[in-house]
Amino acid sequence: MPDDDLRRTILNMLQGVEHPREKAVDVMYLLQRQYGYLCDEALVVGAELLGMTPLELEELATFYDFIYRRPVGKYVIHVCDGVVCWMHHEDDIFRHLCARLGVRPGETTADGLFTVLPTVCIGDCDKAPAMLVNGRFYGPLTPGRVDEILETLRSGDEERVLCP
Amino acid sequence: MPLKPDFEPVLFKNRRGDRPATFDEYRQGGGYEALLATVGKKSPEEVVRMVTAAGLTGRGGAGFPTGRKWAGVPASAPYPRYVQPNTDEMEPGTFKDRILVNADPHLVIEGIILCAYAVKAQRGIFFIRPSYESDAQLIERELAVARAAGFLGSGILGSDFSFELSVHRSAGRYICGEATAQVNAIQGLRPNPVKAPGAHLTEAGLWGRPTVVNNVETLASVPHILTRGPEWYKSLAATPTGDGTKLYCVSGKVARPGCYELPMGTRLSDIIYEHAGGMLPGGTFKACLPGGASTAFMPETLFDIPMDFPSLKAVGHHLGTASMIVFDKNTCLLAATINIIRFFVRESCGWCTPCREGLPVILDILERIEAGEAGEADVAWLETMTRQLHHAYCAFAPGAAAPIEGLLRHFRDEVMDHLDGRGCPFGAPELADKPGAWHLPKGGRP
């Protein structure tokens with residue numbers, strides 16, 4: 001169950017809001033942050049707080065890219081596979097990243113640190129090929145640069161920009 | 001053709017590159033003067049008239065006249081009314097709104113408030129994609145500054161005009177850039193587009209109330225139009241058919257990819273050679289998508305076209321978001337199209353059949369052509385299926401059709417060179433078991 005603080009935070013957020021459903025994405029982000037991903041329990045709790053059925057919230061949760069219905073690592077690496085990054089050999093970067101981490105797309109490393117996901121154009125095309133890790137852009141990427149970024153993230157020095 | 005020597009950036013006036021302009025910097029450059037000269041001093045109708053006279057066209061891709069959109073809110077329309085600044089910006093190749101918001105957040109905020117004043121809106125909801133979370137945080141921070149200065153909230157500048165503006169975080173899906181889908185998204189509904197004959201968001205949008213959805217680049221042009229006048233704004237364009245300045249994104253095989261503010265109607269060749277540094281060393285221009293992935297490939301023969309909405313329309317193309325994705329002669333445009341269609345397959349909301357079912361079939365045909373497993377009959381089938389995309393529910397599938405249509409219209413020989421066992425003349429290493437490509441297995445649906 002979400003702790004009392006989180007429940008209170010969510011109830012405060014919904015307090016006086018004319019249409020609570022408007023906050024559905026924000027509520028999912030908050031639950032996801034606490035649970036690490038939007039697990040079934042979080043979905044049911046979120047729906048209840050929002051006055052929605054679990055199905056109504058599920059059809060939003062599964063619609064969106066940044067709501068994770070499966071467990072993810074501390075760092076979710078969204079690798080852009082838009083056409084500009086494709087032109088700059090994003091596929092090589094992707095392959096290199098997966099090989100380095102020993103995962104396939106969608107999987108999480110055994111230490112729970114990294115999840116790799118392909119993502120539509122992230123809007124960093126002037127620095128292609130690019131990726132997004134917890135709200136930060138990295139580009140232009142080379143295999144060597146990817147190794148450096150992974151090292152920095154492992155050391156925990158990189159500041160995260162999280163929603164919300 | 002070089003820029004006029006007296007050209008000064010308008011939207012990027014305060015762009016620094018390393019950090020956003022602060023409220024004070026914005027004020028020192030004349031920021032919020034339009035608001036001060038408007039609220040309680042000009043009528044909302046006068047603001048709509050000026051924006052209409054300036055000929056400001058929507059920068060989100062459709063090029064719809066902004067003044068006409070605002071005038072679409074009926075005088076007798078109920079309250080509350082809403083303004084919905086759109087920073088979903090998920091069109092591949094497009095990053096101008098991110099740069100704009102980051103360069104001068106208060107220019108965007110002032111534009112939004114002026115729009116609200118013009119349509120008598122009480123609430124603004126700034127819709128932003130999750131990839132731009134740092135921008136969302138920046139906007140929230142600067143909204144508090146604007147509120148403290150008395151430019152937001154109740155009784156703005158001592159008038160009876162009250163307006164609140166807040167950020168709505170999306171969780172990421174391309175279709176949310178479509179205005180009606182975005183209205184659903186904000187209301188916490190599944191973001192399918194909504195179409196009803198004769199219905200307009202300006203009459204019934206968010207919660208059934210009048211809602212004006214505008215791209216943030218469009219809104220950021222408004223303070224300047226009000227301060228310096230419609231005639232001045234029109235004179236900024238390079239062509240009589242253009243209006244003001246435009247943020248052009250250039251990406252792909254160019255030496256200096258980036259976002260450039262230039263007179264609307266600047267020639268494609270000038271954008272690429274004068275501003276984006278020309279092609280990468282050794283590269284030769286082959287084609288570009290002029291306005292993101294949902295526009296058609298433009299060939300070299302159109303290299304000198306003025307980049308404004310009417311000029312492109314006249315030659316059967318669309319300016320879209322004016323985000324030029326540039327391809328060189330060594331890039332297989334069929335492989336590029338496969339990448340683009342894979343994007344559309346993944347992002348289709350699944351609501352209607354031509355889009356949900358048609359796009360995967362098209363992807364399959366394209367992949368078989370690329371692999372040399374297709375013949376002329378498959379190309380004919382591709383054309384038929386592409387035509388069907390125009391029968392879809394919203395503009396998403398016709399957008400997906402555009403690059404295929406451009407490919408077949410201008411680069412048919414390149415497509416035909418793949419047929420009957422020949423495969424990709426460029427080698428197409430890109431198609432080899434790319435990880436994370438969520439495409440169908442060869443041969444169609446499992």
Side-chain angles (χ1 to χ4, degrees), chain A residues 18-29 50 52 56-57 59-61 63-67 78-92 94-95 97-99 104-106 116-128 132 134-137 140 161-164, chain B residues 89-95 97-99 125 129-134 136-137 168-174 176 185-191 207 249-253 256-259 289 292-293 323 325-328 331 335-336 339-340 342-343 346-347 349 429-430 432 434-438:
Chain A
E18 198 183 344
H19 312 280
R21 281 183 81 131
E22 189 189 332
K23 300 287 180 195
V25 168
D26 291 331
V27 168
M28 288 193 286
Y29 276 141
L50 284 157
M52 297 165 72
E56 284 172 324
L57 195 58
E59 66 173 12
L60 295 183
F63 194 83
Y64 290 117
D65 233 23
F66 281 68
I67 300 298
H78 287 266
V79 185
C80 179
D81 63 5
V83 65
V84 181
C85 287
W86 169 85
M87 233 192 289
H88 288 97
H89 303 285
E90 140 279 322
D91 47 336
D92 288 343
F94 208 123
R95 219 173 279 128
L97 181 64
C98 287
R104 289 178 304 177
V116 180
L117 294 172
T119 303
V120 298
C121 180
I122 56 175
D124 201 26
C125 319
D126 50 340
K127 298 192 188 64
L132 185 72
N134 295 73
R136 291 181 79 93
F137 291 108
V161 183
L162 296 172
C163 329
Chain B
E89 190 161 70
M90 287 184 71
E91 184 65 43
T94 311
F95 47 97
D97 298 342
R98 174 173 64 78
I99 302 226
I125 300 173
R129 65 179 296 191
S131 308
Y132 293 2
E133 175 58 23
S134 53
Q137 294 179 10
H168 181 99
R169 287 172 166 81
S170 176
R173 193 75 187 257
Y174 175 72
C176 294
I186 290 174
Q187 295 177 103
L189 302 169
R190 195 174 191 274
W207 301 288
C249 300
V250 195
S251 63
K253 300 280 175 124
R256 287 199 304 269
C259 181
L289 293 163
S323 303
I325 304 173
V326 180
F327 299 85
D328 67 7
T331 306
N339 170 284
I340 292 167
R342 227 175 249 160
F343 159 79
R346 197 197 288 169
E347 290 300 303
C349 82
E430 292 83 358
K434 185 171 111 28
W438 293 341

Undergrad: Quick one, A:F66 and B:S170 - any side-chain contact, counting heavy atoms below 4.5 Å?
TA: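 No - every pair of side-chain heavy atoms lies 4.5 Å or more apart.
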Undergrad: Quick check on B:A185 against chain A: is it the side chain, the backbone, both or neither that has a heavy atom closer than 4.5 Å?
TA: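 The answer is both parts of B:A185.
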Undergrad: Please give me the minimum heavy-atom distance between A:C125 and B:G93, naming the atom from each residue.
TA: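 Reported closest heavy-atom pair: SG-CA, 3.4 Å.
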Undergrad: Run the side-chain contact (heavy atoms from CB on, under 4.5 Å) test against B:T94 and tell me which residues pass, sequence neighbours left out.
TA: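 So B:T94 forms a side-chain contact (heavy atoms from CB on, under 4.5 Å) with B:E89, B:E91, B:K96, B:T321, B:S323.
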Undergrad: At a heavy-atom separation under 4.5 Å, does B:I125 approach chain A through its side chain, its backbone, both, or neither?
TA: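 The answer is the side chain of B:I125.
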Undergrad: Between B:N339 (side chain only) and A:D81 (backbone N and O only), is there a donor and an acceptor less than 3.5 Å apart?
TA: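 Yes; at least one donor-acceptor contact below 3.5 Å.
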Undergrad: Rounded to the nearest 0.5 Å, how far does CG of A:D65 lie from CE of B:M90?
TA: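 With rounding to 0.5 Å, CE (B:M90) is 6.0 Å from CG (A:D65).
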Undergrad: Look up atom CD in A:E22 and atom CH2 in B:W207, then write down how far apart they are to the nearest 0.5 Å.
TA: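 A:E22 CD to B:W207 CH2: 3.5 Å, rounded to 0.5 Å.
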Undergrad: Specify which of B:G172, B:P257, B:C176 makes the most heavy-atom pairs with chain A at under 4.5 Å.
TA: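 Among the listed options, the one with the most contacts to chain A is B:G172.
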Undergrad: Roughly how far apart are B:C349 SG and A:F63 CZ, rounded to 0.5 Å?
TA: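 The CZ atom of A:F63 is 5.5 Å from SG of B:C349, to the nearest 0.5 Å.
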Undergrad: With sequence neighbours left out, what residues match A:I67 under side-chain contact (heavy atoms from CB on, under 4.5 Å)?
TA: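 For A:I67 the side-chain contact (heavy atoms from CB on, under 4.5 Å) partners, ignoring immediate neighbours, are A:M28, A:Y29, A:Q32, A:L38, A:A61, A:Y64, B:A171.
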Undergrad: Under 4.5 Å between any side-chain heavy atoms of A:P118 and B:R346, yes or no?
TA: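 Answer yes - side chains close enough.
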Undergrad: Among the options B:D328, B:D97, B:I99, B:L189, pick out the one with the most heavy-atom pairs lying under 4.5 Å from chain A.
TA: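 Among the listed options, the one with the most contacts to chain A is B:L189.
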Undergrad: With a 4.5 angstrom heavy-atom cut-off, could you sort out which part of B:R129 is near chain A: side chain, backbone, both or neither?
TA: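 For B:R129, the side chain is the part near chain A, not the backbone.
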Undergrad: CD1/B:I186 to CZ/A:R21 distance, rounded to the nearest 0.5 angstrom?
TA: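 Going from the CD1 atom of B:I186 to the CZ atom of A:R21 covers 14.0 Å.
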Undergrad: Is chain A contacted by the side chain of B:Y132, its backbone, both, or neither, given a heavy-atom distance below 4.5 Å?
TA: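 It is the side chain, since no backbone atom gets that close.
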Undergrad: Heavy-atom distance under 4.5 Å to chain B: side chain of A:L132, backbone, both or neither?
TA: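 Only the side chain of A:L132 comes within 4.5 Å of chain B.
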Undergrad: Mind ranking A:V83, A:V25, A:D124 by heavy-atom pairs under 4.5 Å with chain B and telling me who comes out on top?
TA: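 Of the candidates given, the most pairs with chain B belong to A:V83.
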Undergrad: Rounded at 0.5 Å granularity, tell me how far CD1 in B:I325 sits from CH2 in A:W86.
TA: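 Here the rounded value is 11.0 Å.
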Undergrad: Looking at B:R98 and A:D126, is there a salt bridge between them, counting it only when a charged N and a carboxylate O are closer than 4.0 Å?
TA: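 Between B:R98 and A:D126 there is a salt bridge, with a charged N closer than 4.0 Å to a carboxylate O.
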Undergrad: Heavy-atom pairs under 4.5 Å with chain A are the metric here; pick the option from B:R173, B:E347, B:R256 that has the most.
TA: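 Highest number of pairs under 4.5 Å: B:R173.
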Undergrad: Quick check for you: to the nearest 0.5 Å, what is the distance between A:N134 atom CG and B:E133 atom CD?
TA: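 With rounding to 0.5 Å, CG (A:N134) is 11.0 Å from CD (B:E133).
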Undergrad: Is there a side-chain contact between A:M87 and B:K253, using heavy atoms and a 4.5 Å cut-off?
TA: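 Of all side-chain heavy-atom pairs linking B:K253 with A:M87, at least one is under 4.5 Å.
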